[in-house]
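Note sheet for the following structure.
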Number of protein chains: 2
Amino acid sequence: MSGEDNLLRLVEAEEGEENDYHLQDQVGFILRKAHQRHVAIFAAHIADLTPPQFAALAKLYDIGETSQNQLGTLIAMDAATVKGVIDRLKARGLVELSKHEIDKRRLLVNLTPEGREAIERLIPLARTITEETLAPLTAKEAATFLRLLAKLA
Amino acid sequence: MSGEDNLLRLVEAEEGEENDYHLQDQVGFILRKAHQRHVAIFAAHIADLTPPQFAALAKLYDIGETSQNQLGTLIAMDAATVKGVIDRLKARGLVELSKHEIDKRRLLVNLTPEGREAIERLIPLARTITEETLAPLTAKEAATFLRLLAKLA
DNA sequence: TTGATATCATTTGCATACGAATGAATTTGC
DNA sequence: GCAAATTCATTCGTATGCAAATGATATCAA
């Protein structure tokens, strides 16, 4: 810390300016930490699947067969990311791929019976994960938080 | 969709159970999307630094020289992650490394003059990024959101 | 109809993120 | 004072996440 910095602080204190920047108060930093905590809770309950992999299976279970690109849109992943996720699910036999009959650009993705079994088994655990993630909040706070978070996302 | 599934749905509808699982309502999924949006806003304002890199510089600016490990704790990164971040900042001349004189395990990290210049220039932009991230909320909502988010993180 | 655009998927490169294993150095406990 | 436990840093492997470039196909528009 140089003498100039100390002088600057004095001057700004006199002017009543807030010069401090506290990383730990910034929404981006706290958002990153909250996300990290959620991922850790997820991993503690569902060890053999990542949140993005689970999201892909859950969405396919919800809407049925769709193109890789469309699936990516629905679960908020760009094309490069969704490809990797689907590749790994395919390698594990949880999804299967086929070509779109009419539009030859599209790659259709669907659950295999094993994938359907897996997601049906995991959804109850996912509800627990959501509960545990929100556990520091009261029910009312959790509702408020989800409403505001959705406005941000 | 098999006949058994349809039967299951009828039974559950009669019992008033909620069987649907909507990914887009789960806190983890929305948290991931909110984080993605923040990172995009960050990149639009600060193109030459990532949020983790910025976090490292901002924390060093705040507390001065510290060990790589301690820095990681303060900015919520594990040892493997912080090493990569610091390596890249070092390669760009924004931080410098030195050995701890007494405890030979520790690697001290500090801002270079260029790093100090950079973070002083960037902090005002970071304030803008925070504002833009919270822009969908009113001031009161933003305060509530930050309070609840901090409880979760 | 055909030339310009747009869409879908892939690949490459870079940057987190974290578990697990390893080795060096320090601290603790007895 | 010494063995056990802990801490610090590094490395490896795997998995997102995204920008940019590319190629194939489809759609639009003059």
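Here is how names work: the chains are called A, B, and so on, in the same order as the sequence lines, proteins then strands, and each is numbered from 1.
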### Task
Under 4.0 Å between any heavy atoms, over every strand shown, what does A/Val85 touch: base, sugar-phosphate, or nothing? Just pick one.
sugar-phosphate

### Task
In whole angstrom, give the distance that lies between atom CG of A/Asp78 and atom C1' of C/dT12.
13 Å

### Salt bridge flag under 4.0 Å for residues B/Asp87 and B/Lys90
no

### Message
Strictly below 4.0 Å: does B/Arg88 bring a side-chain N or O up to OP1 or OP2 of C/dT16?
### Response
yes

### Query
DNA chain D: A/Ala80 or B/Gln68, which has the more 5' nearest nucleotide?
B/Gln68

### Query
C/dC18 P sits how many Å from B/Met77 CE, rounded?
9 Å

### Task
Could you tell me whether the side chain of A/Leu146 reaches within less than 4.5 Å of the side chain of A/Leu134, counting heavy atoms only?
yes

### Query
Atom CD of B/Gln36 and atom P of D/dT16: how far apart are they, to the nearest Å?
13 Å

### Query
What integer distance in Å separates A/Asp103:CG from D/dC28:C1'?
15 Å

### Residue whose nearest DNA chain D nucleotide is more 5′ - A/Gln53 or B/Leu108
B/Leu108

### Task
Just compare C/dT16, D/dT7, D/dG17 and give me whichever is closest to any side-chain atom of B/Thr81.
C/dT16

### Message
Between A/Arg32 and C/dA17, is there a contact of a side-chain N or O with OP1 or OP2 at under 4.0 Å?
### Response
yes

### Query
Given atom NZ of B/Lys83 and atom P of C/dG19, what is their separation to the nearest angstrom?
19 Å

### Query
Using 4.0 Å as the upper bound for N to carboxylate O, is an ion pair formed by A/Glu114 and A/Arg92?
no

### Query
Considering only C/dA15, C/dA17, D/dT16, which nucleotide approaches the side chain of B/Pro52 most closely?
C/dA17

### Message
I'd like to check B/Glu65 versus B/Leu60 (side-chain heavy atoms, cut-off strictly below 4.5 Å). Are they in contact?
### Response
no

### Query
Which residue, A/Asn69 or A/Ala40, contacts DNA chain C at a nucleotide closer to its 5' end, judged by nearest heavy atom?
A/Asn69

### Query
With respect to the side chain of B/Arg106, which nucleotide from D/dC18, D/dA9, D/dT25 is positioned closest?
D/dA9

#### Entry: A/Lys104 NZ - D/dG23 P separation (whole Å)
20 Å

### Query
Within less than 4.0 Å of OP1 or OP2 of C/dC8, is there a side-chain N or O belonging to A/Ser67?
no

### Query
Does OP1 or OP2 of C/dT16 have a side-chain N or O of B/Thr50 closer than 4.0 Å?
yes

## Note on the structure
Rounded to whole Å, the NE2-P distance (A/His100 to D/dA26) equals 10 Å

### Message
Do B/Glu96 and B/Thr112 pair up side chain to side chain, a donor and an acceptor below 3.5 Å, judged on atom types alone?
### Response
no

### Query
Taking atom P of C/dT26 as reference, at what distance in whole Å does atom CD1 of B/Ile102 sit?
10 Å

